[in-house]
Amino acid sequence: MARAPVLTPQADDFPQWYQDVVAKAELAENGSVRGTMVIRPYAYSIWERMQGEVDARIKATGAENVYFPLFIPESHLQREAQHVEGFSPELAVVTHAGGKELAEPIVVRPTSETVFGEFMAKWIQSYRDLPLLLNQWANVVRWELRPRIFLRTSEFLWQEGHTAHASQADAAAYARRIHFDVYLAFLRDVLALPVLVGIKTDTERFAGAINTMTCEVMMRDGKALQMATSHELGQNFARAFEMEFSDAEGERRLAWTTSWGSSTRMVGGLIMAHGDDSGLRVPPVLAPIQVVVVAVKDDDETRPVVEAVERELRDAGVRVRVDARPAGLGRRLTEWELKGVPVRVEIGPRDLAEGVVSVVRRDTGEKAAVPVAAAAAAARDLLAVVQESLAEEARTRAASLTREVTTIEEALEAAETGFARLPWKTVGPEGEKRLNQKAVSVRCLQTPDGGVPDDADADDLVAVVGRSY
RNA sequence: CGGGGCGUGGCGCAGCCUGGUAGCGCACCUGCUUUGGGAGCAGGGGGUCCCGGGUUCAAAUCCCGGCGCCCCGACCA
């Protein structure tokens with residue numbers, strides 16, 4: 001049956017499609033201050049699911065949650081030279097409070113390396129205090145030139161981890177553990193995304209870091225989105241904040257620190273990596289609502305069946321929602337499609353007369369008539385199928401839009417539709433500049449087998465280049 | 001900062017050129033009928049026309065000056 005298009009088709013205008021989804025699926029709206037956003041209940045529930053999954057993985061690495069203040073003295077930020085330089089253009093600064101001008105301006109945190117540095121320095125006296133593994137869930141503010149809802153907002157929500165270690169090797173190993181066991185695992189297993197892991201080039205590296213690792217994901221329009229980063233900060237922040245400890249031999253030594261973060265940007269990535277012309281497609285493992293049971297008509301015949309299927313699903317541990325609202329059926333189905341609920345069970349008189357219900361997959365639209373008694377099990381079993389199918393589709397798409405090339409010219413051409421892979425030594429800082437002039441960037445450097453390089457100067461590094469958000 | 005566009009009920013827009021009762025679609029409220037893909041009919045409510053000044057008998061409309069927002073590029077999770 002022909003359905004009126006609800007959204008601007010992706011092929012017509014991808015950015016417009018994105019805005020349409022955000023609005024029509026009731027995910028978020030612009031706030032009253034430029035660049036800010038109001039996150040609506042459904043998107044927030046997705047974020048809460050992300051938080052839960054990421055938080056559990058962070059804690060499994062041994063880190064503990066804390067909370068640090070929103071305000072940072074301006075002088076703090078200036079303690080690490082590259083750090084200030086990197087962030088000062090996008091700072092929001094408080095100059096007045098309590099009705100008068102402040103003696104020292106207060107910065108609204110754009111990230112918290114500096115405050116964490118100050119306090120971690122106080123808490124670390126001995127090698128026995130190391131490693132110190134902290135994480136916080138917070139909001140940060142960066143006055144971006146061009147805001148885009150979820151992808152780049154002036155204020156956003158994230159988690160930022162800050163750790164201190166006794167040796168560079170330990171810091172490096174921990175940063176990698178976070179990168180693989182938290183970020184890569186979450187993006188791959190929960191968000192069903194194909195992830196490129198690698199390191200950033202000098203120009204793309206975090207301000208103040210000696211090494212930045214990234215998780216890059218291709219969106220459906222072929223552009224890249226950085227979905228999480230982990231930094232080795234060397235001793236730069238430890239030095240700036242005098243983070244010293246006595247080692248086993250009684251020698252005073254400087255700690256090695258890391259920081260790592262992932263943000264509400266991931267919601268935007270989820271939308272753009274899996275969404276189709278009918279709206280969001282939320283992977284079942286993540287979905288706040290995994291199955292929606294729709295009563296075609298809320299009458300005495302369907303109600304008991306709806307309730308039975310709901311109970312059975314709930315008992316099976318499925319996150320289920322019943323929709324027996326009086327609104328027209330078409331409107332309701334459209335809404336659940338926009339919101340990307342992975343599986344729908346439709347229960348109505350026509351099916352019930354034959355003892356069946358309809359079980360529908362959101363990812364493919366495939367519809368099956370299933371006997372009432374088997375409905376809940378069928379819906380539940382579909383969750384794993386949809387999860388894998390979304391993952392496979394994203395994998396295939398990314399692979400088909402990635403080309404192995406040998407020259408900058410070819411890379412530029414490939415970047416018009418997706419990614420290009422080529423030897424880093426044929427790009428180099430000069431080639432990187434040329435790419436940048438055409439709005440193409442080096443997303444990451446990988447080992448030939450797609451791993452994270454341990455040696456940034458290795459001869460055989462592969463550069464993955466593309467356009468990005 | 002450069003380039004485009006736009007400010008008119010909650011949302012999307014028309015009206016402006018050529019000044020004269022503020023309009024349409026969606027949404028909302030009430031009732032009835034409906035419910036297998038954005039329901040139908042009937043009735044109803046809701047407006048500092050971005051702000052300030054000017055011209056005029058009369059300004060959403062013309063003139064001057066502000067402000068704000070959105071989109072496309074350079075900076076970034």
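Reckoned from all heavy atoms, side chains included, excluding hydrogens, waters and symmetry mates. By convention in this document, chain letters (A, B, ...) are assigned in the order of the sequence lines, proteins followed by strands, and residues within each chain are numbered from 1.
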| query | So does R467(A) reach the base of rG73(B) with its side chain, donor to acceptor, closer than 3.5 Å? | reply | no
| field | Pair partner, rG46(B) [Watson-Crick or wobble, under 3.5 Å] | value | none
| Now, which nucleotide makes the Watson-Crick or G-U wobble pair with rU35(B), with each of the two distances under 3.5 Å? | none
| said: Please name the nucleotide paired to rG68(B) by Watson-Crick or G-U wobble geometry with both distances under 3.5 Å, or report none. | reply: rC6(B)
| said: For a quick check of understanding: with a heavy-atom distance under 4.0 Å over all strands, which category does N436(A) fall into, base, sugar-phosphate or nothing? | reply: nothing
| task | Would you mind classifying the nucleic acid contact of T153(A) as base, sugar-phosphate or nothing, using non-hydrogen atoms under 4.0 angstrom? | result | base
Distances for protein N/O vs nucleotides 24-27 of chain B N/O pairs under 3.5 angstrom?
from    : atom 1 : to      : atom 2 : distance (Å)
rA27(B) : OP1    : R331(A) : NH2    : 3.4

| request: Could you please name the partner base of rA59(B), counting Watson-Crick and G-U wobble pairs only when both distances are under 3.5 Å? | output: none
| task | Hey, which sits more toward the 5' end of RNA chain B by its nearest nucleotide, S468(A) or P349(A)? | result | P349(A)
| Of the nucleotides rG36(B), rC76(B), rG37(B), which has the atom closest to the E337(A) side chain? | rG37(B)
| request: For Q226(A), report the nucleic acid contact type (base, sugar-phosphate, nothing); a contact means any heavy atom under 4.0 Å. | output: sugar-phosphate
| query | Looking for any heavy atom pair under 4.0 Å, which part of the strands does Q16(A) touch: base, sugar-phosphate only, or nothing? | reply | nothing
| query | Which atom pair, heavy atoms only, marks the closest approach of E53(A) to V285(A)? | reply | OE2-O, 4.4 Å
| query | rA77(B) base stacked by F156(A)? Criteria: ring centres under 5.5 Å, plane angle under 30°. | reply | yes
| message | For rC71(B) and Q19(A) - does any side-chain N or O of the residue sit under 4.0 Å from the phosphate oxygens OP1/OP2? | response | yes
| query | Quick one: is rC72(B) close enough that its OP1 or OP2 comes under 4.0 Å of any side-chain N or O from R146(A)? | reply | yes
| request: Take P15(A) and G86(A), find for each the nucleotide of RNA chain B with the closest heavy atom, and name the residue whose nucleotide sits nearer the 5' end. | output: P15(A)
| task | Determine the contact category for A439(A): base if any of its heavy atoms lies under 4.0 Å from a base atom, sugar-phosphate if only primed atoms, P, OP1 or OP2 are that close, otherwise nothing. | result | sugar-phosphate
| Centroid-centroid distance, F206(A) to F87(A), less than 6.0 Å | yes
| The single option from F68(A), F116(A), W260(A) passing ring pair (Phe, Tyr, Trp, His ring centres under 6.0 Å) against H162(A) | F116(A)
| query | Which nucleotide sits closest to the side chain of R332(A): rU35(B), rC72(B), rA77(B)? | reply | rU35(B)
| message | Any base atoms under 4.0 Å from G348(A), or only sugar-phosphate, or nothing? Heavy atoms, all strands. | response | base
| Under 4.0 angstrom, heavy atoms only, what part of the nucleic acid is E160(A) near: base, sugar-phosphate, or nothing? | nothing
| Watson-Crick or G-U wobble mate for rG73(B), both contacts under 3.5 Å | rC1(B)
| field | Pair of N/O donor and acceptor under 3.5 Å linking rG38(B) base with E335(A) side chain | value | no
| field | R34(A) (side chain) and rC69(B) (base): donor-acceptor pair under 3.5 Å | value | no
| request: Remember a base hit wins even if backbone is also touched, and classify R325(A) as base, sugar-phosphate or nothing at under 4.0 Å, heavy atoms. | output: nothing
| field | Residue matched to rU21(B) through Watson-Crick or wobble contacts both under 3.5 angstrom | value | none
| said: Using a heavy-atom cut-off of 4.0 Å across all strands, would you classify S358(A) as base, sugar-phosphate, or nothing? | reply: base
| said: Using whole Å, what does the distance between atom C1' of nucleotide rU35(B) and atom CD of E301(A) come to? | reply: 14 Å
| said: By nearest atom, which of the nucleotides rG37(B), rU35(B), rC70(B) is closest to the V296(A) side chain? | reply: rU35(B)
| request: Looking at every strand, decide which applies to L225(A) at a 4.0 Å heavy-atom threshold: base, sugar-phosphate, or nothing. | output: nothing
| query | Shortest non-hydrogen contact from V296(A) to G348(A)? | reply | CB-CA, 3.7 Å
